[in-house]
Amino acid sequence: MHRLKTLIQQNRTRLPLILWLALCLGAAYALGFYAYATDERPGTNDAPSSVIRHPSSSFDLFWEAYRILRDEFYGELPPARQLAYGALRGALSTLGDPYSVFVEPQPHEMEKADLRGSFGGIGANLSRDAQGRVILHPLPDSPAAQAGVQDGDILLAVDGLPLTPTLSLEATTLWLRGPVGEPVTLTLLRGDGPPVSITVIRAEIELPSITWHQLETQPQVGYIAISRFSERTDQELRRALLDLRSRGVQQLILDLRNNSGGLLQAAVDVAGEFLPNAVILIEERRNHLTEVRRSGSGGLATELPLVVLVNRGTASAAEIVAGALQAHGRARLIGETTFGKGSVQLIFELSDGSSLHITAARWLTPRGHQLDGVGLTPDVVQEGGAADLTDPADAQFALALRLLRTKEW
């Protein structure tokens with residue numbers, strides 16, 4: 001997800017002009033599709049489609065085209081809501097901004113859970129077998145595992161509603177999620193036996209954004225990897241730093257490789273753990289307005305030697321953290337030039353659970369450099385990273401260790 005999400009906001013008085021246009025467009029579609037589908041649009045007669053009127057407005061032009069499509073298309077039209085979604089996507093595409101997008105309800109709900117860092121669910125991963133059936137893989141000690149769900153169970157129905165071949169894994173996952181403490185009944189096929197029903201009580205399932213450990217070969221070095229920036233990331237980072245410091249760690253490697261971003265405030269808070277009371281980024285908004293974002297005080301790792309690993313997958317909020325640490329000379333960046341995503345998106349949730357992501361600002365490094373489409377250049381360029389630290393081919397990690405050992409951080 002190469003998008004920097006800052007907040008979910010529904011206050012119409014603050015919507016930018018393009019958002020107003022998009023909302024008006026969506027409202028017009030929602031009001032008009034049903035009327036056109038039932039020939040109940042006020043003031044519209046049943047004149048044949050071949051009669052072309054001169055549209056008095058852009059919306060009249062849209063309805064003129066829609067009526068021709070409805071009457072003349074050889075085939076079955078998709079539902080009106082899907083046509084409205086397509087029209088919204090098309091309207092946003094005219095902006096020429098890949099980060100101003102329309103997101104349908106199901107992926108938006110998944111996205112919200114990722115940014116919250118937790119959700120109410122059963123604690124199981126889903127996959128499909130060769131026949132396209134949904135397979136459950138319960139996590140250890142999860143509500144699903146405790147209720148008796150076994151790895152490899154085939155999910156047939158949720159609360160009595162059978163799964164259909166066209167139902168995506170994304171939609172199935174949302175069926176399994178719900179309020180913490182509420183039951184959900186799974187109909188499962190296990191081996192050659194008859195279907196069985198198991199009721200699982202949903203619990204809060206955390207989505208960790210940070211992993212960490214102390215290196216066995218060099219116990220003075222701690223390793224922290226951040227996969228995304230959610231509401232919980234700074235809390236997780238503080239827990240990791242306290243744990244590593246209690247073990248005597250004196251140097252840190254911060255891995256931001258393949259981190260595609262997340263919440264702006266989370267990035268500012270994370271940077272503040274290493275860089276207190278400092279400018280983290282500068283935002284440029286409409287009408288030449290600017291805002292300087294600073295970190296707070298009380299960081300837990302403001303003095304520890306630090307190197308940061310980045311690559312082409314480091315983007316958005318991850319670039320904010322890396323850029324601030326580099327600009328203030330707090331850490332050296334090792335790896336590859338980063339993705340180069342320097343814009344800020346506001347997320348506006350619509351009435352049906354879908355959302356609009358609207359680019360509302362550009363961000364610059366503390367030194368005023370714009371990275372959009374350019375990215376951060378590491379202090380030490382090194383190709384050949386690997387996701388697994390046990391892999392000897394991870395040249396970027398090996399170089400980070402060498403710099404810490406020789407005090408070139």
Side-chain angles (χ1 to χ4, degrees), residues 1-29 57-59 62 87-103 108 111-112 115 229 231 260-272 275 277-296 315-324 326-328 338-351 354-376:
M1 109 184 133
H2 296 304
R3 297 188 295 272
L4 180 58
K5 306 163 194 91
T6 59
L7 70 121
I8 296 176
Q9 180 182 27
Q10 291 177 294
N11 185 349
R12 292 190 177 185
T13 63
R14 298 179 62 188
L15 299 183
L17 176 60
I18 182 59
L19 184 56
W20 270 117
L21 293 176
L23 286 175
C24 291
L25 183 62
Y29 297 159
S57 72
S58 297
F59 284 117
F62 170 82
L88 283 169
R89 281 191 291 267
L92 290 173
S93 71
T94 65
L95 302 177
D97 174 22
Y99 305 115
S100 291
V101 296
F102 171 76
V103 181
H108 176 55
E111 182 180 61
K112 286 197 298 182
L115 293 177
F229 289 88
E231 294 175 5
S260 60
L263 294 172
L264 172 60
Q265 188 57 50
V268 174
D269 293 340
V270 164
L275 196 65
N277 302 314
V279 174
I280 304 303
L281 74 152
I282 302 168
E283 282 188 51
E284 288 185 343
R285 299 179 179 176
R286 297 177 63 184
N287 302 322
H288 306 289
L289 298 176
T290 61
E291 179 180 354
V292 175
R293 297 267 189 158
R294 302 183 65 93
S295 61
S316 195
E319 289 177 291
I320 285 177
V321 173
Q326 183 186 48
H328 290 287
T338 62
F339 181 81
K341 198 268 186 180
S343 59
V344 179
Q345 281 70 48
L346 299 182
I347 303 176
F348 298 89
E349 189 167 288
L350 305 183
S351 58
S354 59
S355 65
L356 290 174
H357 296 217
I358 304 298
T359 296
R362 301 284 177 185
W363 68 266
L364 312 177
T365 69
R367 295 179 179 176
H369 298 313
Q370 186 172 116
L371 300 183
D372 213 27
V374 178
L376 291 165

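Values reported hereafter were calculated over all heavy atoms of this structure, with side chains retained and with hydrogens, waters and symmetry mates removed.
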One should read off an interatomic distance between His369 NE2 and Leu364 CG, to the nearest 0.5 angstrom, of 9.5 Å
Using only atom types and a distance under 3.5 Å, with no angle test, would you say the side chain of His328 pairs donor to acceptor with the backbone of Val279? yes
Side-chain heavy atoms of Ile347 within contact of Glu349, under 4.5 Å: no
Taken to the nearest 0.5 Å, the spacing of Glu231 CD from Asp269 CG works out to 11.5 Å
Determine whether a donor-acceptor pair (N or O, by modelled atom type, separation under 3.5 Å) exists between the side chain of Thr338 and the backbone of Leu376. yes
Closest heavy-atom pair, Asp372 versus Arg362, reported as atoms and distance to 0.1 Å, is OD2-NH1, 2.6 Å
Straight-line distance of Leu281 CG to Arg293 CZ, nearest 0.5 Å: 6.5 Å
Minimum heavy-atom separation for Gly323 to Pro366, with atom names? O-CD, 4.3 Å
Interatomic distance, CD1@Ile280 vs CD1@Ile320, rounded to 0.5 Å, equals 9.5 Å
Nearest-0.5 Å distance, OG of residue Ser343 to CG of residue Leu371: 11.5 Å
Give me the atom names and distance for the closest heavy-atom approach of Gly262 to Ala317. N-CB, 3.8 Å
Over all heavy atoms of both residues, which pair between Gly272 and Ser295 is shortest? Give the atoms and the distance, please. CA-CB, 3.5 Å
Going by side chain to side chain contact (heavy atoms under 4.5 Å, CB included), name the residues that satisfy it together with Asn277, two or more places apart in sequence or in a different chain. Ser297
Which atom pairs, one a donor and one an acceptor, fall under 3.5 Å between side chains of residues 87-94 and the rest of the protein, sequence neighbours left out?
{"unit_1": "Arg89", "atom_1": "NH1", "unit_2": "Glu104", "atom_2": "OE2", "d": "2.9"}
{"unit_1": "Ser93", "atom_1": "OG", "unit_2": "Gly90", "atom_2": "O", "d": "2.6"}
{"unit_1": "Thr94", "atom_1": "OG1", "unit_2": "Ala91", "atom_2": "O", "d": "2.6"}

What's the spacing between Ser354 OG and Phe348 CZ if we round to 0.5 Å? 13.5 Å
Between Leu264 and Trp363, is the side chain to side chain contact (heavy atoms under 4.5 Å, CB included) condition met? List the steps. CA-CA 10 Å; Leu264 172 60; Trp363 68 266; over 6 Å; no
Have Thr290 and Glu284 got a donor and an acceptor in their side chains that come within less than 3.5 Å? no
For Leu115 and Phe229, work out which heavy atoms get closest and say how close. CD2-O, 4.1 Å
Determine, for Glu319 against Lys341, whether the closest basic-nitrogen to carboxylate-oxygen distance falls under 4.0 angstrom. no
